Number of protein chains: 2
Amino acid sequence: MSRAEQRDATRQRIVDAAITAFADQGFAASSTRDIAARAGVTQGLVTYHFDSKDTLWRAAATQIFGLLVGTLPDRPRRASNAERRAAAREQIRAYVRFAAEHPEVFHFMVDAGRHDDDRMRWLVQTCLAPRFSEITADGGIGSVAADRAAAPHAYYALLGAGSLIFAVAPECRELTGVDPTRRAAIERHADLMAQLFVPD
Amino acid sequence: MSRAEQRDATRQRIVDAAITAFADQGFAASSTRDIAARAGVTQGLVTYHFDSKDTLWRAAATQIFGLLVGTLPDRPRRASNAERRAAAREQIRAYVRFAAEHPEVFHFMVDAGRHDDDRMRWLVQTCLAPRFSEITADGGIGSVAADRAAAPHAYYALLGAGSLIFAVAPECRELTGVDPTRRAAIERHADLMAQLFVPD
DNA sequence: TCGTTGACTGTTCATTCGACCAGCGAAGCA
DNA sequence: TGCTTCGCTGGTCGAATGAACAGTCAACGA
């Protein structure tokens with residue numbers, strides 16, 4: 001393996017470990033030593049590749065939010081009302097499956113979104129704003145929001161309803177006996193979400 | 001003030017500060033020194049009244065989840081279908097208002113619920129299990145869950161959809177321009193939630 | 001082939017963490 | 001009034017933190 005390939009592979013291992021750690025314990029409670037151990041490297045190497053813990057967090061956020069792009073199916077450009085409703089349902093199902101496979105996204109959002117600081121503003125401008133305008137456009141969940149002013153409420157209702165059960169999977173298992181990581185449970189949640197947000 | 005009163009008042013100030021701190025930064029990232037500073041006492045006093053950080057967290061969780069009790073209106077015992085639907089709507093509205101006023105509950109749940117450890121199990125058995133069986137009973141959001149097996153999914157959809165926007169209020173302001181702490185926004189979210197979970 | 005670059009290691013630094021403890025002084029009791 | 005209790009302070013402990021550093025050695029370019 002060339003030096004450049006080795007460098008990229010190592011950086012990738014660190015970012016992957018960082019995503020898991022930050023999602024698991026939040027930014028402040030994650031240590032660069034723990035991340036290094038998960039990636040199988042030394043702690044000094046983490047600050048070598050990513051100057052600071054903050055820079056590493058941005059790299060991790062960029063990667064995990066980037067996964068969302070391309071996962072959601074395109075909404076039809078010109079279609080009948082019925083077709084648009086069917087497409088909206090399929091978008092919602094796709095999002096639920098994504099949230100089940102990557103609960104990290106939800107944890108990054110909640111961890112950063114509750115503080116009015118630089119990391120929150122960076123996340124909004126870099127990762128969230130481009131998605132938000134598309135999700136709330138007509139044909140997405142625009143069918144849920146009765147008027148334009150309700151779009152932010154529909155957006156957070158959709159994200160929260162679709163993600164929480166997977167974000168607190170251990171609690172869900174203990175409280176309800178349902179393991180939300182099982183495929184049957186994921187599909188059941190997708191069914192409920194589609195029916196909730198795009199009723200017959 | 002008597003010695004007992006002074007003791008209780010001090011303990012209460014510490015618990016209040018702990019709720020804010022734990023909700024703000026999670027358990028691991030909160031320090032007993034920061035909590036002590038918020039409460040206006042010394043750090044040593046925190047471990048004096050509450051033997052450990054873990055004990056303090058349990059006291060804080062007991063208080064904040066206890067607030068939820070008595071906040072939700074009772075569901076009618078014997079009522080017509082229309083009355084039960086109206087009651088379910090009012091329960092949902094009440095929960096949204098509570099989530100807006102106390103986003104700490106959501107943060108406690110997400111912070112503890114993602115790890116399979118003692119704190120999660122304690123939270124489930126002490127604070128969540130009693131509520132869960134009542135919320136998912138007929139007349140609550142039972143109208144949402146088509147069958148018994150869908151109840152856990154409806155439960156987490158309701159909590160997530162009703163809480164997230166308030167839990168990430170700074171992000172919501174930055175992303176959408178909507179301030180979810182304003183009364184008008186709270187009522188708008190309550191409207192959407194009632195319509196979503198108990199449609200016409 | 002030889003000098004240079006750069007990925008990586010191991011150590012060190014000041015700071016902060018939860019927990020512990022000796023001592024103080026006013027409230028409460030006899 | 002004198003003694004005891006106990007809420008509370010201030011300091012200290014080892015452990016863990018993010019960052020910085022000099023040193024090492026193989027990959028690379030001239």
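Numbers restart at 1 for each chain; the letters A, B, ... are given by sequence-line order, proteins then strands. Heavy atoms only: backbone and side chains are in, while hydrogens, waters and symmetry mates are out. Model, not experiment: these values are computed from the prediction.
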Validation: residues 39-50 of chain A side-chain donor-acceptor distances under 3.5 Å, sequence neighbours left out:
unit_1 : atom_1 : unit_2 : atom_2 : d
Q43(A) : NE2    : T32(A) : OG1    : 3.1
T47(A) : OG1    : G44(A) : O      : 3.1

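Ring pair H153(B)/H189(A) is tilted by interplanar angle, where 30° to 60° counts as tilted.
In summary, the side chains of Y95(B) and S163(B) do present a donor paired with an acceptor at a separation below 3.5 Å, with no hydrogens or angles considered. Between D16(B) and Q12(B), the side chains place a donor N or O and an acceptor N or O closer than 3.5 Å (distance only, hydrogens not considered).
Both Q43(B) and R11(B) lie near DNA chain D, and the one whose nearest nucleotide falls closer to the 5' end is R11(B). Residues R33(A) and L45(A) each lie close to DNA chain C; by heavy-atom proximity, the contact nearer the 5' end of the strand is made by L45(A). Of the two residues contacting DNA chain C, namely S52(B) and A4(B), the nearest-nucleotide position lying further toward the 5' end is that of S52(B).
Considering only side-chain atoms of S2(B), the nucleotide from dG28(C), dC8(C), dG18(C) that sits closest is dG28(C).
Across all strands, T55(A) comes closer than 4.0 Å to no nucleic acid atom at all (heavy-atom distances). As judged by a 4.0 angstrom heavy-atom cut-off over every strand, R7(A) is placed among residues touching the sugar-phosphate backbone only.
In this structure, the CD1 atom of I35(B) is 15 Å from the C1' atom of dT16(C), given to the nearest Å. Distance E5(A) CD to dC8(C) P: 13 Å, rounded to the nearest Å. At whole-Å resolution of the value, CZ in R3(A) and C1' in dG6(C) are 5 Å apart. Atom CD in Q6(B) sits about 17 Å away from atom P in dG25(C), given to the nearest Å.
Under the 6.0 Å cut-off for aromatic ring centres, F106(B) and F166(B) do not qualify, their centroids lying 6.0 Å or more apart.
For DNA chain D, the span of nucleotides reached by chain B at under 4.0 Å from its heavy atoms goes, 5' to 3', from dT5(D) to dT12(D).
For the OP1/OP2 pair of dT16(C) and a distance below 4.0 Å, the side-chain nitrogens and oxygens of S31(B) include no atom meeting the criterion.
Within 6.0 Å of CD on E187(A) lie more than 12 heavy atoms contributed by other residues, nucleotides or ligands.
The cationic group of R131(A) does not satisfy the cation-pi geometry with F65(A), failing either the under 6.0 Å distance to the six-membered ring centre or the 45° limit from the ring axis.
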